[in-house]
Amino acid sequence: MSDNHDYDLIVIGAGSGGVRLARMSAQRGARVAVIESRYLGGTCVNVGCVPKKLFVYGSHMGEDIEDAAGYGWSVPADQMRFDWPTLVANKNTEIERLNGIYRRLLENAGVTIIEGTASFTDSNTLAVGDASYTAKHITVATGSWPVTPDVPGKECILSSNEMFYLPQLPRQAVVWGGGYIAVEFAGILAGLGVETTLLYRGDMFLRGFDDDIRRFTASELPKKGVKLRFGVTIEAVRSEGAGYAVQLSDGTEMATGLVMAATGRRALVDGLGLEELGVQLNAGGHVVVDQHFQTAVPSITALGDVIGTPQLTPVALAQAMVLSRRLFGDGEGVMDYTCIATAVFCQPNIGTVGLTEAEARESHGKLRIYRSEFKPMKHTLSGRDERSLMKLIVEDSTDRVLGAHMVGPDAGEIVQGLAVAMKAGATKAHFDSTLGIHPTSAEEFVTMREPVAE
Ligand code: FAD
């Protein structure tokens, strides 16, 4: 595989996609380097999925302790303590452990790790500081970065990146945004006792999710202390006393101790010099690639968040495996983006796979809709007013299950298995003939008999 380049492959970015691509390619015998400017493991490990989930666990503990009373456990309210710096420090220790694991994974596979910020000199050469490196193939796996709208006082507004290192928790917080990151952080803050308001300019958050799921989640979150204000946006923020005054589009003002924006992410291509080489960016700023992750420049490929496909770690990992096989293996496979199961780790969780009802109505004609709403068994004794929702969308003519959606504890864990069944083409008759696991919430997915709508 040797030629006159320093490497067969250089990957820019040691995030979810980059590490997987570098490792798989090195294991196939390629000479590989990965250049990373910030942290091994990228967004997911450092300021994304992993620390977020640890915070979600942490924020749920208070509720678990309260719920324990119905089961005979007593923890006097005046003895309940939560220490934010402990949670952050323990999270940081875990992240450092994972950074070490990523380093060892790469080193053991024979990948050279180059620390620094890469930019293209030509289509086969990258500069990192004063050094330069050449490769036959270069993959851009530089991920994405939070975008905060340009409002006066923008410098007072935190992104998810800073939230992971907050020195102390405020008494009140405003979370701005209607996507899953906003909803998850609102849940984390509220669970930890912060008076939290989520502001969203549209009339219902979680765009792209099934409408029943969105409405149901909107009815559950206030029970957990998240105040929802839709149809309103932030026009300006200014420091006031120890906190901030937030000026809203409806003419009102809010006082708060923290403002976080989760209003979108953009492809991180700053300073790479891609367009000068002829690599195209689309209107949204994402790197344009074909289905083989090929840009317009033959030596340059790209994958992960930077190409604007669903911004999820398993998507970046799967893309990396497809690309590694094409560059150094035996296949020209393409990614299958159908039935990607996802979870929103709000409280209660959302788990979803396949089409929403609106999408299915548009593409599949006559449907059968099955829906079940109930109180999870755990809360019969805890007394907590929390409900779960499950929904199946079935194509009437073929009986195929097109979508499965859930709001409730462990929804992410439950929906993963349904994704396998749906990938395999499961019909409603398969669901009906599957015996439930009793007593669980999950069994509801195989016991919904009567459609509630067609
Ligand atoms: P990244 O993981 O972002 O890696 C890109 C790397 O490139 C970074 O390490 C960056 O420092 C480096 N880099 C950038 N430019 C350069 C340069 N010029 N030179 C050298 N290095 C460079 N996904 C899920 O599946 N589940 C979740 O629960 C989930 N939760 C999330 C929560 C939050 C708050 C956020 C922000 C994201 C979450 N995601 C989640 C999304 C997930 O983290 C991303 O989809 C995934 O990390 C994308 O991987 P990637 O390889 O494309 O990019």
Side-chain angles (χ1 to χ4, degrees), residues 10-23 33-57 95 98-99 102 106 113-120 126-129 133 138-147 158-164 175 177 179-188 260-274 286-287 289 293 301-321 323 340-346 349-352 412 416:
I10 297 181
V11 184
I12 313 176
S16 305
V19 168
R20 180 61 62 92
L21 175 66
R23 211 158 57 81
V34 62
I35 305 174
E36 173 54 51
S37 58
R38 234 177 235 104
Y39 27 45
L40 292 179
T43 303
C44 179
V45 167
N46 295 278
V47 288
C49 338
V50 175
K52 181 258 319 260
K53 187 86 188 273
L54 294 174
F55 280 6
V56 170
Y57 281 130
I95 301 306
L98 293 175
N99 294 145
Y102 273 79
L106 288 166
I113 301 171
I114 300 166
E115 284 170 22
T117 302
S119 59
F120 281 91
L126 290 165
V128 180
Y133 304 91
I138 297 178
T139 301
V140 180
T142 47
S144 61
W145 199 251
V147 186
L158 305 182
S159 75
S160 54
N161 287 349
E162 294 83 51
M163 292 298 289
F164 290 111
V175 178
Y180 81 92
I181 295 175
V183 173
E184 289 177 338
F185 268 97
I188 290 168
M260 173 200 172
T263 39
R265 296 178 66 82
R266 64 175 174 84
L268 187 51
V269 291
D270 307 355
L272 284 172
L274 284 171
H286 295 108
V287 176
V289 293
F293 308 105
T301 48
L303 55 71
D305 279 11
V306 80
I307 63 169
T309 42
Q311 296 194 333
L312 294 166
T313 279
V315 170
L317 296 178
Q319 291 175 336
M321 293 193 281
L323 179 57
I340 299 172
T342 60
V344 180
F345 296 101
C346 50
N349 290 183
I350 298 172
T352 176
Q416 180 70 82

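Whatever order the structure lists ligands and atoms in, that order sets their numbers, starting from 1.
- Residue-ligand proximity, L272 to ligand 1, at heavy-atom distances under 4.0 Å covers atoms 18 (N).
- Within the 4.0 Å heavy-atom criterion, the part of I181 lying near ligand 1 is the side chain and not the backbone.
- What sits closest to atom 26 (N) of ligand 1 on the protein, heavy atoms only, is C49 SG, 3.8 Å.
- Under the 3.5 Å distance criterion, with hydrogens and angles disregarded, a donor-acceptor pair is assigned to the side chains of T139 and T301.
- Considering backbone and side-chain atoms together, A316 places no N or O closer than 3.5 Å to any N or O of ligand 1.
- Although no hydrogens or angles enter the test, the distance criterion places a donor-acceptor pair under 3.5 Å between the side chain of Q319 and the main chain of G304.
- Ranking protein heavy atoms by distance to atom 7 (O) of ligand 1, first place goes to G13 CA, 3.1 Å.
- Ligand 1 has no N or O atom lying under 3.5 Å from any N or O atom of V306, backbone or side chain.
- One N or O on the side chain of T263 and one on the backbone of V147 form a donor-acceptor pair closer than 3.5 Å.
- With rounding to the nearest 0.5 Å, the separation of CG in D305 from CZ in R266 is 12.5 Å.
- When the heavy atoms of T43, T142, L126 are ranked by distance to atom 14 (C) of ligand 1, first place goes to T142.
- With a 4.0 Å cut-off on non-hydrogen atoms, V315 does not touch ligand 1 at all.
- If you take OG1 on T352 and CD1 on I340, they are separated by 11.5 Å, rounding to the nearest 0.5 Å.
- The distance from atom CD1 of I113 to atom CG of L106, rounded to the nearest 0.5 Å, is 4.5 Å.
- Residue contacts with ligand 1 leave out E184, since none of its heavy atoms falls under 4.0 Å from the ligand.
- For the residues E36, R38, Q319, the heavy atom positioned nearest atom 8 (C) of ligand 1 is part of E36.
- Shown in contact with L268 at under 4.0 Å from a heavy atom are these atoms of ligand 1, numbered in order with element: 14 (C).
- Counting non-hydrogen atoms of other residues, nucleotides and ligands closer than 6.0 Å to CD of Q416 gives a total of 12 or fewer.
- Considering only non-hydrogen protein atoms, atom 53 (O) of ligand 1 sits nearest to G143 CA, 3.3 Å.
- Closest to atom 4 (O) of ligand 1, if we only count protein heavy atoms, is G15 CA, 3.2 Å.
- Listed by atom number, the atoms of ligand 1 under 4.0 Å from Y180 heavy atoms are 29 (C), 30 (N), 31 (C), 37 (C), 38 (C), 39 (N), 40 (C), 41 (C).
- In this structure, atom 36 (C) of ligand 1 lies nearest to the protein heavy atom R265 NH1, 3.2 Å.
- The protein heavy atom nearest to atom 33 (C) of ligand 1 is G48 CA, 3.5 Å.
- The closest approach between V45 and ligand 1 stays at or above 4.0 Å for every heavy atom of the residue.
- Contacts with ligand 1 closer than 4.0 Å are made by backbone heavy atoms (N, CA, C, O) of A141 only, the side chain lying farther away.
- Applying the 4.0 Å criterion to heavy atoms of I12 picks out, from ligand 1, the atoms 17 (C), 19 (N), 20 (C).
- The backbone N or O of L268 sits less than 3.5 Å from a side-chain atom of T142, completing a donor-acceptor pair.
- Aromatic ring centres of Y102 and Y39: separated by at least 6.0 Å.
- Within the listing of ligand 1, atoms 25 (O) sit less than 4.0 angstrom from a heavy atom of P314.
- The backbone N or O of I181 lies less than 3.5 Å from no partner atom in the side chain of E184, so there is not a single donor-acceptor pair.
- In this structure, P146 has no heavy atom closer than 4.0 Å to ligand 1.
- Each of the atoms 18 (N), 19 (N) of ligand 1 lies under 4.0 Å from some heavy atom of T117.
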Stepwise, does the side-chain contact (heavy atoms from CB on, under 4.5 Å) test hold for V19 with V34? CA-CA 8 Å; V19 168; V34 62; 5.7 Å; no
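- The distance from atom OG of S160 to atom CZ of R265, rounded to the nearest 0.5 Å, is 5.5 Å.
- Side-chain atoms of N46 and N161 form no donor-acceptor pair, as typed in the model, at a separation below 3.5 Å.
- By the criterion of a heavy-atom distance under 4.0 Å, the backbone of V47, and not its side chain, is placed next to ligand 1.
- Annotation: F164 places no N or O atom under 3.5 Å from an N or O atom of ligand 1; distance criterion only.
- Of all protein heavy atoms, the one closest to atom 30 (N) of ligand 1 is K52 NZ, 2.9 Å.
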Test I350 against F345 for side-chain contact (heavy atoms from CB on, under 4.5 Å), laying out the working first. CA-CA 7 Å; I350 298 172; F345 296 101; over 6 Å; no
Please evaluate residues M260 and S159 with respect to the criterion side-chain contact (heavy atoms from CB on, under 4.5 Å), reporting the C-alpha separation (whole Å), side-chain torsions for both, the decisive distance (0.1 Å), and the verdict. CA-CA 6 Å; M260 173 200 172; S159 75; over 6 Å; no
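- Counting atoms of ligand 1 from 1 in the listed order, those under 4.0 Å from a heavy atom of Q311 are 41 (C), 45 (O).
- With hydrogens and angles ignored, the 3.5 Å screen pairs no side-chain donor or acceptor of R20 with any backbone N or O of L317.
- Remark: ligand 1 and T313 share an N or O pair separated by less than 3.5 Å (distance only, no angle test).
- Ranking the protein heavy atoms by distance from atom 51 (O) of ligand 1 puts G17 N, 2.8 Å first.
- Ring to ring, Y180 and F185 are not that close: their centroids are 6.0 angstrom or more apart.
- The distance from ligand 1 to the heavy atoms of G116 drops below 4.0 Å at these ligand atoms: 19 (N), 20 (C).
- At least one N or O atom of D305, backbone or side chain, sits closer than 3.5 Å to an N or O atom of ligand 1.
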